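None of these values were measured; they are calculated from a predicted model. Per chain, numbering begins at 1; letters A, B, ... match sequence-line order.
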Amino acid sequence: MDVSETEKVVMRFAPNPNGPPTLGSTRGIVVNSEYVKRYGGKFIIRFDDTDPQTKRPMLEAYDWYIQDCEWLDAKPDRVVLASDNIETYYKYAEQLIEMDKAYVCFCEGSEFKQYKDSKEPCPHRDISPESNLDNWEKMIDGEYDEKEAVLRIKTDIQHPDPALRDFGAFRIVKTPHPRPEISDRYVVWPLLDFEGAIEDHELGMTHIIRGKDLMDSEKRQKYIYDYLGWEYPKTTHWGRIKIHELGSFSTSQIRKDIEDGVYEDWADPKLPTLRAFRRRGIQPEAIRKFMIDMGVGETDISVSLDSLYAENRKVIDPIANRYFYVWDPVEMSIEDGPDDIIVNPALHPFEKRGTRDIQVGSSIYICSDDLNLIKIGDKVRLKDLYNVEIMSIEPLVGRYIGDSVDDIKKQKMRIIHWCSLNGVDVTVRSPDKEFKGICEPGILNELGKVVQFERFAFCRVDTIEPEIIAYYTHK
RNA sequence: GCUCCGAUAGUGUAGUCAGGCCAAUCAUUCCGGCCUUUCGAGCCGAAGACUCGGGUUCGAAUCCCGAUCGGAGCACCA
């Protein structure tokens, strides 16, 4: 993107708050805010909430966006709600009508399309500004039904690109807006091209980055800018982003699936919402890095979450305490073992953060996955505890054969983890499945934190009461 | 149908505007090795790309034309 070194920028992220931010919105938040950080200037979040019907805003989502922006270290300098500025849009609409650059059209949708496709002006195109103004007043006053009338911007009805011929600027929607302070105050609502054009100018936008699906939108908006004598911001576009592991999602589809119980809520670990990533323990810095590395190409891309996880690992590896988590536990009794000892493995392999003290009696749990790999007579190392020889599988019995770490190296013993009988039940939810297992009691101190369950994965401890639930972050 | 846009390793990405310093950058992934009382990390090594065809030029990933493939718009959605 073309920004001169000394220039201050004003950029925005303009979502429709009809659901929570997803990984897709994140790109808009991170990239725009990053430019502002880099060049100095202002970052604005503008809610394009001018469709009370088809993409009806969710009241809670306004705050969700702002929270998620802050979480991503992209606190907006200013928050704007398009639905607050309807009068402004009306003002400019009126001006354009007076200039004979806009007209009220009474064609039915398909009817107008026919005119447009054959490059013919529709019968309403040549109505005088005075009558148009009149009809416009009636529109605003609610004298027409939905779909009966629409305000169009005059462009060039013969333009080679059909997408640019006399586009709609306002339509009638009688569904009240979800915001109580707006509600049924307006029945005429602007369409994106108009609303965005006016707002971008009013807010002094210098640069715009948006999806390439809006490329034609820009060309339409330029008509408005030309008519009003304004200068259009510099623009760049990016292509569609598809996540390998998650596929494509639409906010409205997710909303429906939540209602139908396919997903638990907006933070379901299967979903690409920011809330879901946060619950899983993905760190904002990692997301920023991931998005910035992706750049702003116009090519459609299909990215793998592996890169995001790799970035996240760099962030959480030094801070995540280590614990033993035994999924699908199987009890093993120990013969000839020392009674009631306390071992104290380090909380972290290279950061000095103390130890976790585990009391061990005459039996322990191990993973059934590990059990499947061993047979009678095998010697295994119980990590940070001692070495045992497997005496029997059914029931599972191990005999204590010493503590020596050297032995395991010489004999290339398998090293497995374990859990004492006083462990606590922990459920781990991953995008694909749910694990049930037992963890050291120390996990009770880790509410809200990301830990590493050794030989399993990084997880974020989400709840302690009434049961312990952790979300799977990644390997 | 009409219009617009894009194409560099498995996946992203730098380089393309101002042609030579690009036998092409970085990250991730995969594979091998070292280290490590888990996993991961770390370290070392390896593999892997300029969509195709013409043209301009002493010289093209870079400029031009065409083809192919992919995407988007033509909504009273954003």
Rounded C1' spacing from B:A46 to B:C34 in Å: 15 Å

For A:Lys55, answer base if it contacts any base atom (sugar-phosphate contacts may also be present), sugar-phosphate if it contacts only those atoms, and nothing otherwise; contact means non-hydrogen atoms under 4.0 Å. base

Considering only heavy atoms from C-beta outward, does the side chain of A:His124 approach that of A:Val104 to under 4.5 Å? no

Quantified in whole Å, what is the P atom distance between nucleotide B:G12 and nucleotide B:U51? 14 Å

Validate the cation-pi geometry between A:Lys219 and A:Tyr223: distance from NZ or CZ to the six-membered ring centre under 6.0 Å, angle to the ring axis within 45°. no

Phosphate oxygens OP1/OP2 of B:C2: is one of them under 4.0 Å from a side-chain N or O of A:Lys116? no

What's the closest nucleotide to the A:Glu311 side chain, out of B:C4, B:G73, B:A27? B:A27

Return the nearest nucleotide to the side chain of A:Arg165; candidates are B:G73, B:U28, B:C2. B:C2

May I ask you to say what A:Cys367 touches in the nucleic acid, namely base, sugar-phosphate or nothing, with a heavy-atom cut-off under 4.0 Å? nothing

How far, in whole Å, is B:G15 from B:C69 if one measures between their C1' atoms? 23 Å

If the cut-off is 4.0 Å, is A:Lys314 near the phosphate of B:U28, judged by side-chain N/O to OP1 or OP2? yes

Expected output: side-chain A:Arg356 to main-chain A:Ile443 donor-acceptor under 3.5 Å: no

Counting side-chain heavy atoms from C-beta on, which of B:C4, B:G12, B:U28 comes nearest to A:Lys219? B:C4

Side-chain N or O of A:Arg171 versus OP1/OP2 of B:C77: is the shortest distance under 4.0 Å? yes

As a test of reading the structure: which of B:C77, B:U29, B:G12 is closest to the side chain of A:Arg313, going by heavy atoms? B:U29

When you check the phosphate oxygens OP1 and OP2 of B:C77, does a side-chain N or O of A:Arg56 lie under 4.0 Å from one of them? no

By nearest atom, which of the nucleotides B:A78, B:C4, B:U29 is closest to the A:Asp306 side chain? B:U29

Counting the atoms with a prime plus P, OP1 and OP2 as sugar-phosphate, which does A:Leu164 contact under 4.0 Å by heavy atoms, base, sugar-phosphate, or nothing? nothing

Looking only at side-chain atoms of A:Asp51, point me to the closest of B:G73, B:U11, B:C77. B:C77

Under 4.0 Å, heavy atoms only, any strand: does A:Pro345 hit a base, just the sugar-phosphate, or nothing? nothing

Provide the distance between the two P atoms, one in B:A47 and one in B:C5, to the nearest whole Å. 40 Å

Annotated structure of RNA chain B as dot-bracket, pair cut-off 3.5 Å, Watson-Crick or G-U only, | for inter-strand, is (((((((..(((.......[.....)))..((((.......)))).....(((((..]....))))))))))))....

Please determine, for the side chain of A:Ala163, which listed nucleotide (B:U37, B:U28, B:C74) has the closest atom? B:C74

Assert: residue with more 5' nearest nucleotide on RNA chain B, out of A:Leu192 and A:Lys212, is A:Lys212

Minimal heavy-atom distance between A:Tyr323 and A:Gly442, with the atoms involved, is OH-O, 3.5 Å

Would you call A:Glu34 and A:Met291 a side-chain contact if the rule is heavy atoms closer than 4.5 Å? no

So among A:Pro178, A:Pro52, A:Pro176, which one has a side chain to side chain contact (heavy atoms under 4.5 Å, CB included) with A:Ser183? A:Pro176

Check: A:Ser368 side chain, A:Leu371 main-chain N or O, donor-acceptor pair, under 3.5 Å: no

Expressed as a whole number of Å, how far does the C1' atom of B:A60 sit from that of B:A24? 13 Å

Of B:C76, B:G40, B:A78, the nucleotide closest to the side chain of A:Asp48 is B:A78

Can you label the angle between the A:Tyr65 ring and the A:Phe13 ring as parallel, tilted or perpendicular, going by 30° and 60°? tilted

Go nucleotide by nucleotide along RNA chain B from the 5' end; which of A:Lys383 and A:Asp293 gets its closest nucleotide reached first? A:Asp293

Which one, B:C5, B:G1, B:A78, comes nearest to the side chain of A:Glu298? B:C5

Counting any heavy atom closer than 4.0 Å, what does A:Ser217 reach on the DNA or RNA strands: base, sugar-phosphate only, or nothing? nothing

Using a cut-off of less than 4.0 Å, is there contact between a side-chain N or O of A:Thr50 and OP1 or OP2 of B:A78? yes

From C-beta outward on A:Ala310, which listed nucleotide comes closest to its side chain: B:A78, B:G6, B:U29? B:U29

Contact between A:Phe194 and A:Leu151 at the side-chain level, heavy atoms closer than 4.5 Å - yes or no? no

Between the base of B:G40 and the side chain of A:Asp317, is one N or O donor paired with an acceptor at under 3.5 angstrom? yes

